[in-house]
Amino acid sequence: MSFAQYMDIALYDESIGFYATNGRAGRRGDFLTSPEVGPLFGALLARRLDEEWFALGSPDTFVVVEFGAGPGTLARSIAFAAPECARALRYLMVERSAEQRAAHADHLEGWLGDLDAAGVDSFVRGVGPGPQFASSPNAPYGITGVVLANELLDNLAFDIVRHDGAGNFERLDVGHAEDGLEFVVVPTEVPTPLESVLSSAAPGEWMPLQVHATQWLAAAIDRVDRGVVIAIDYGATTAEIAARPEMGWLRTFAGQERGGHPLDDPGTCDITTDVAVDQLGTIARPSVLTTQRQFLERLGIVQLVEEGRQVWAEKASAPDVAALRARSRIGEAEALLEPGGLGDFVVLEWTV
Ligand SMILES: C[S@@+](CC[C@H](N)C(=O)[O-])C[C@H]1O[C@@H](n2cnc3c(N)ncnc32)[C@H](O)[C@@H]1O
């Protein structure tokens with residue numbers, strides 16, 4: 001099978017897939033993402049949602065579709081931040097794994113349930129005061145609002161290809177070895193729109209071919225009548241990714257540590273890659289491309305941390321929960337802005 005087929009099974013198969021069994025983001029999970037660092041990321045995303053809501057003329061129904069919501073931590077932080085758009089907010093957590101969706105109800109006031117496709121349609125078109133939250137494996141079309149994905153695209157199944165400099169491509173497939181699985185090199189073709197992007201990598205270097213990520217983006221843009229698609233992830237150009245020594249872009253994680261070879265013990269670790277921003281660009285050029293650091297600074301992270309420092313200074317002798325939360329912003333901001341880490345993630349926005 002192709003590596004993309006293998007990866008889809010290893011991550012999402014209902015009986016053995018990593019995300020269908022135990023795998024998840026979080027401090028007690030397998031890797032730390034920005035929403036799992038603490039509530040500060042959600043507080044800033046809530047500001048971005050408000051910006052968009054105002055830009056759209058404060059519509060009575062403002063839909064946010066968060067893809068790959070994991071255990072629902074970002075939604076909880078956004079709810080806690082109480083953005084101005086809350087009264088219009090219909091926030092749908094689209095998550096492929098039923099195991100992860102089962103966690104969405106926890107500590108989320110206004111959660112209406114795990115919806116089927118028809119339920120999703122009425123959820124995003126219904127009336128009544130917000131904020132309202134719901135979960136589903138299905139996503140709607142025709143929305144006014146925001147499609148959001150934090151660290152989703154790096155988890156969508158990809159293939160592994162290289163070219164020889166003369167327009168010929170090869171792919172790494174997965175085959176049987178005597179004692180497990182092994183990579184097998186086979187000739188392949190690549191989708192025409194991606195051919196020139198892939199050819200920008202040096203000949204002979206393996207690189208990810210992210211067809212599922214580009215298809216996700218095309219569909220995400222289609223889902224929005226008016227609004228914005230925002231994707232946040234670790235990303236680089238295809239040529240930069242391919243240049244990493246020893247396929248350093250193909251990573252596995254389990255229990256907060258780097259895992260082993262992606263073909264060992266399928267289902268026991270996350271499999272991920274840097275997202276090729278130029279492959280996404282073949283669908284539509286982003287309206288905005290910044291680092292996470294620039295994005296969060298623009299939304300006022302520095303002021304929020306300063307406010308936190310002041311609250312802590314006033315209450316340090318007899319701290320309450322609010323004071324502890326205020327102090328925690330300092331460490332959270334360091335993690336979210338860290339050079340070489342979350343701070344260097346890319347934030348891609350496509351205005352529709
Ligand atoms: C790396 S986790 C990120 C979780 C969360 N967004 C965060 O930042 O902590 C990726 C999540 O995307 C989910 N996922 C993968 N493919 C998906 C798809 N096509 N639609 C919805 N969710 C998907 C996985 O099950 C997993 O929970």
Side-chain angles (χ1 to χ4, degrees), residues 4-5 7-14 16-42 44-45 64-78 91-104 106 108 114-115 117 120 134-140 146-158 210-220 222-223 229-235 251-256 259 267 269-275 292 295-296 332 335-336 341-342 345-347:
Q5 287 169 318
M7 180 173 165
D8 206 71
I9 294 169
L11 293 188
Y12 305 114
D13 178 84
E14 280 180 17
I16 66 137
F18 175 75
Y19 282 108
T21 51
N22 275 325
R24 53 157 287 185
R27 283 189 195 281
R28 275 168 285 169
D30 295 277
F31 47 84
L32 202 58
T33 58
S34 297
E36 299 291 346
V37 164
L40 184 58
F41 185 72
L44 290 151
L45 256 285
V64 174
V65 181
E66 187 200 348
F67 273 84
T73 310
L74 180 58
R76 277 186 279 276
S77 298
I78 288 174
Y91 192 111
L92 182 69
M93 292 172 275
V94 175
E95 170 53 57
R96 182 171 173 180
S97 149
E99 169 91 7
Q100 313 257 343
R101 290 202 307 282
H104 291 177
D106 294 347
L108 189 55
D114 196 349
L115 309 176
V120 163
S135 313
S136 183
N138 307 296
V146 178
V147 171
L148 187 60
N150 189 68
E151 290 207 37
L152 165 76
L153 298 182
D154 66 89
N155 257 170
L156 298 185
F158 51 84
Q210 295 176 313
V211 172
H212 288 283
T214 59
Q215 287 170 342
W216 176 86
L217 175 62
D222 255 12
R223 293 178 192 285
V229 175
I230 305 177
I232 306 175
D233 227 306
Y234 31 102
R251 292 184 289 271
T252 62
F253 289 94
Q256 304 293 345
C269 61
D270 189 20
I271 304 174
T272 162
T273 175
D274 295 75
V275 173
Q292 174 156 305
F295 177 74
L296 297 180
E332 286 179 49
L336 294 174
L342 294 172
F345 273 32
V346 288
V347 181

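In each ligand, atom 1 is the first atom listed, and ligand 1 is the first ligand listed.
At least one N/O-N/O distance between Gly68 and ligand 1 falls below 3.5 Å. Looking at Thr33 next to ligand 1, an N or O pair under 3.5 Å apart turns up.
Put simply, the side chain of Arg96 does not reach to within 4.5 Å of the side chain of Pro137, judged on heavy atoms. Between Gln210 and Val275 the shortest side-chain heavy-atom distance falls below 4.5 Å. Counting heavy atoms from C-beta outward, Leu11 and Asp270 have side chains that approach closer than 4.5 Å. Taking 4.5 Å as the limit, some side-chain heavy atom of Phe41 sits within range of a side-chain heavy atom of Asn150.
With 3.5 Å as the limit, one finds a donor-acceptor pair spanning the side chains of Glu66 and Tyr91.
Residue-level proximity to ligand 1 for Asp270 is absent, since no heavy atom of it falls below 4.0 angstrom. Looking at Asn150 against ligand 1, both its backbone and its side chain come within 4.0 Å, counting heavy atoms. Contacts between Tyr12 and ligand 1 below 4.0 angstrom, taking non-hydrogen atoms only, involve the side chain exclusively.
When only non-hydrogen protein atoms are considered, atom 21 (C) of ligand 1 lies nearest to Arg96 N, 3.4 Å. Ranking the protein heavy atoms by distance from atom 23 (C) of ligand 1 puts Leu152 CD1, 3.5 Å first. In this structure, atom 24 (C) of ligand 1 lies nearest to the protein heavy atom Glu95 OE2, 3.4 Å.
Shown in contact with Asn155 at under 4.0 Å from a heavy atom are these atoms of ligand 1, numbered in order with element: 1 (C), 2 (S), 10 (C). Ligand 1 places these atoms under 4.0 Å from at least one heavy atom of Glu151: 1 (C), 2 (S), 3 (C), 10 (C). The atoms of ligand 1 that sit less than 4.0 Å from any heavy atom of Leu156 are 16 (N). Within ligand 1, the atoms closer than 4.0 Å to a non-hydrogen atom of Val94 are 21 (C), 22 (N), numbered from 1 in the order shown.
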message: As a quick check of understanding, evaluate side chain to side chain contact (heavy atoms under 4.5 Å, CB included) for Leu152 and Trp216, giving each step before the final call.
response: CA-CA 10 Å; Leu152 165 76; Trp216 176 86; 3.6 Å; yes

- prompt: Is there a side chain to side chain contact (heavy atoms under 4.5 Å, CB included) between Thr272 and Glu151 once you walk through the steps?
  reply: CA-CA 10 Å; Thr272 162; Glu151 290 207 37; over 6 Å; no

message: For a side chain to side chain contact (heavy atoms under 4.5 Å, CB included) check, start with the C-alpha distance between Thr214 and Leu217, then their side-chain angles and the critical distance, and finish with the verdict.
response: CA-CA 5 Å; Thr214 59; Leu217 175 62; 5.7 Å; no

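Although no hydrogens or angles enter the test, the distance criterion places no donor-acceptor pair under 3.5 Å between the side chain of Asp233 and the main chain of Phe345.
The closest non-hydrogen atom to atom 26 (C) of ligand 1, taken over Phe67, Tyr19, Phe41, comes from Tyr19.
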